[in-house]
Undergrad: 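Below is the structure I would like to discuss, written out as structure tokens.
To find a chain, count down the sequence lines: A is the first, B the second, and so on, and within it residues start at 1.
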There are 2 protein chains.
Amino acid sequence: MATSLHAHVVEHLGSRIVSGQIPRGSIILAADLEQKLQVSRSVIREAVRVLAQCGLVNSTKRVGIRVLSAEHWNPYDDHVIRWRLASDQKGAQLRSLTELRISVEPMAAELAAEVAPEDMRKELMLISAQMNHYGRQGDLRRFLELDIRFHALVLAASGNEMFANLSTPIGAILRGRTELGLMPERPHEEALLWHQSVADAISNSDPAAARRNMESIMRRTHNEISSLWENEPRLFVDPAKTS
Amino acid sequence: MATSLHAHVVEHLGSRIVSGQIPRGSIILAADLEQKLQVSRSVIREAVRVLAQCGLVNSTKRVGIRVLSAEHWNPYDDHVIRWRLASDQKGAQLRSLTELRISVEPMAAELAAEVAPEDMRKELMLISAQMNHYGRQGDLRRFLELDIRFHALVLAASGNEMFANLSTPIGAILRGRTELGLMPERPHEEALLWHQSVADAISNSDPAAARRNMESIMRRTHNEISSLWENEPRLFVDPAKTS
DNA sequence: TGACACCAATCTGTGCAGGCATAAAAATAA
DNA sequence: TTATTTTTATGCCTGCACAGATTGGTGTCA
């Protein structure tokens, strides 16, 4: 994935900071990094700029590159989300994302029923039909990909780019859920019906029904996986004190 | 604000790209930028790296720095949000953010009632009392600041860092709303009661009541300002086609 | 003696200038 | 059409000067 030297350094430092291998509060010197990673200053500096935008570090003169604590991290940054999912904060990250999608997807479905363009409504109907087919057949691999596409489409069809942008991490959740074996042998009949009803409602411009059925999906989703993070500590970020 | 040279260049290019002064699809050459902005290559390169992370540009060898279209922009990036609010996409940005907060804040209130730490519950009670005081007194300036603090606190008290991170842009919405004169002479009595009820419910660990009252606030908010973006075009970002 | 303000040394990121290597588009040849 | 060469802009490296923040010392005054 990381083809450029620069991206390698970002990946190296970012993953280590998020995982805690480089403790918060540490001070790194750019010169040391040059030596340790065997790259030039320009590469280091560009990488540090990117990491600073992620909220992972904060470079100041005469002191060096300071590693910041988790409350400064940008929780919507794709890098940060990926690194957290690959660390022991995986549970906490899954919880945050799931709470977010539970909040957002019903509204997205409602909006989609109001404003979605015709081709997206059509594809939604197609996808839900295929979900029924492969779901009842027990083809979980194909069902997973369709499920991901379904939710991404609803988010996109809402016409809200902030919603649409959540499709990648939500796809990651869905993949993670099946990888962890949290999915039943074959999808519940109810779940299939709800997905079909969401697609129907959006197709028929029925916002209330779209929301209601999506809420059902979200409720079940929450029940199925909330046990994963029962004991994960929560992070309370007071914006006034973070400054 | 932009103290470093590097930040200046980011600001210069970013605002121009978002506003459309530099049209999407344009190809910029780093060498030209050096001349036009009278800065060195390292500054340009670091700025371009930052803009690339915002999804505004995409620098590739032998071709130059390509300006990307809006569907590639990172809608959660603070820079991007600020630039959009300062452009003619202000309406669309306000709509996206408002739809997001309407989705998220009821869940945040519900979670806060379950997991908020004691000091946050206390401060929430204090803030809502002050909101009552200054609201009934008609001191809109002070009420606005308290309102911003109130919603930021609920988001933080949810223990979901993705929710908490929305407090800055949501604060910007609230400020914008009063600047545009969309607030009544003095806050509605209902609104004051709902805020008080949210604080009470969180303080008494009553998730259902917290959600219900926050939903009331959100419903009224939506009714008050949705007219602003009645005619704003929506952006449908199909993740499969964006690549 | 001790507290405090001021100044100089020092350290590290920031910015500048120029060089070579390399990848990808474009032009040319097969 | 396909293969090859040429072109050209970014990627990466290095040496140098500057700015700003920390530190420690110096001197003054109580």
Undergrad: Can you tell which of A:R177, A:R175, A:R141 makes a salt bridge (charged side-chain N to carboxylate O under 4.0 Å, His left out) with A:D147?
TA: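 Of A:R177, A:R175, A:R141, salt bridge (charged side-chain N to carboxylate O under 4.0 Å, His left out) with A:D147 is met by A:R177 alone.
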Undergrad: The test is side chain to side chain contact (heavy atoms under 4.5 Å, CB included); show your working for B:R49 and A:H6 and say whether it passes.
TA: CA-CA 10 Å; B:R49 277 274 126 75; A:H6 149 84; 3.0 Å; yes
Undergrad: Output the rounded distance in Å from CG (B:L5) to C1' (D:dC18).
TA: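 Interatomic distance, CG of B:L5 to C1' of D:dC18: 12 Å.
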Undergrad: In terms of the angle between their ring planes, are A:H195 and A:F143 parallel, tilted or perpendicular, with boundaries placed at 30° and 60°?
TA: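 Perpendicular: the ring planes of A:H195 and A:F143 meet at over 60°.
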Undergrad: Which residues satisfy the side-chain contact (heavy atoms from CB on, under 4.5 Å) test with B:H133, sequence neighbours excluded?
TA: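 So B:H133 forms a side-chain contact (heavy atoms from CB on, under 4.5 Å) with B:Q137.
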Undergrad: Checking contacts here: which listed nucleotide (D:dT10, D:dC13, D:dG15) is nearest the side-chain heavy atoms of B:K61?
TA: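 When the side chain of B:K61 is considered, D:dT10 is the closest of D:dT10, D:dC13, D:dG15.
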Undergrad: Salt bridge check, B:R41 against B:E46: does any charged N sit closer than 4.0 Å to a carboxylate O?
TA: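 Salt bridge between B:E46 and B:R41, a charged N being under 4.0 Å from a carboxylate O: no.
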Undergrad: Check whether B:R234 reaches the backbone of A:S158 with its side chain - one donor and one acceptor, N or O, closer than 3.5 Å.
TA: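 Yes: the side chain of B:R234 pairs with the backbone of A:S158.
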Undergrad: Nearest-nucleotide wise, let me know which of A:T60 and B:T60 is further upstream toward the 5' end of DNA chain C.
TA: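 Mapping each residue to its closest nucleotide by heavy atoms, the 5'-most match is A:T60.
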Undergrad: Nearest whole Å is fine: how far is D:dC13 P from A:Q35 CD?
TA: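 Distance, rounded to whole Å: 14 Å.
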Undergrad: Any ion pair linking B:R82 and B:E11 (charged N to carboxylate O, less than 4.0 Å)?
TA: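 A salt bridge is present here (some side-chain N lies under 4.0 Å from a carboxylate O).
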Undergrad: Hey, where on DNA chain C does chain A first and last touch, going 5' to 3'? Cut-off is any atom under 4.0 Å from a heavy atom.
TA: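 Reading along DNA chain C, I get C:dT10 to C:dG15.
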Undergrad: Using a heavy-atom cut-off of under 4.0 Å over every strand shown, decide if B:I28 touches base, sugar-phosphate, or nothing.
TA: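 Sugar-phosphate: the residue B:I28, judged by heavy atoms under 4.0 Å, touches backbone atoms but no base.
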Undergrad: Rounded to whole angstroms, how far apart are CZ on A:R41 and P on D:dA17?
TA: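 Rounding to the nearest Å, CZ of A:R41 and P of D:dA17 are 13 Å apart.
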Undergrad: Can you give me the closest heavy-atom contact between A:L146 and A:I127, atom names plus distance?
TA: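 In terms of heavy atoms, the two residues are closest at O-CG2, 3.6 Å.
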Undergrad: Want to settle it: does B:I65 or A:V39 sit nearer the 5' end of DNA chain D, counting the closest nucleotide to each?
TA: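 Its nearest nucleotide lies further toward 5', so the answer is B:I65.
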Undergrad: Short of 4.0 Å, heavy atom to strand atom, which residues of residues 42-59 of chain A count as contacting DNA chain D?
TA: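 Heavy-atom cutoff 4.0 Å gives A:S42, A:V43.
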Undergrad: Between the base of D:dT10 and the side chain of B:R62, is there a donor and acceptor pair under 3.5 angstrom?
TA: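 Checked by distance alone, the answer is no.
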Undergrad: Answer yes when B:E161 and A:R95 have at least one side-chain N-carboxylate O distance shorter than 4.0 Å, and no when they do not.
TA: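 Answer for the salt bridge query: no.
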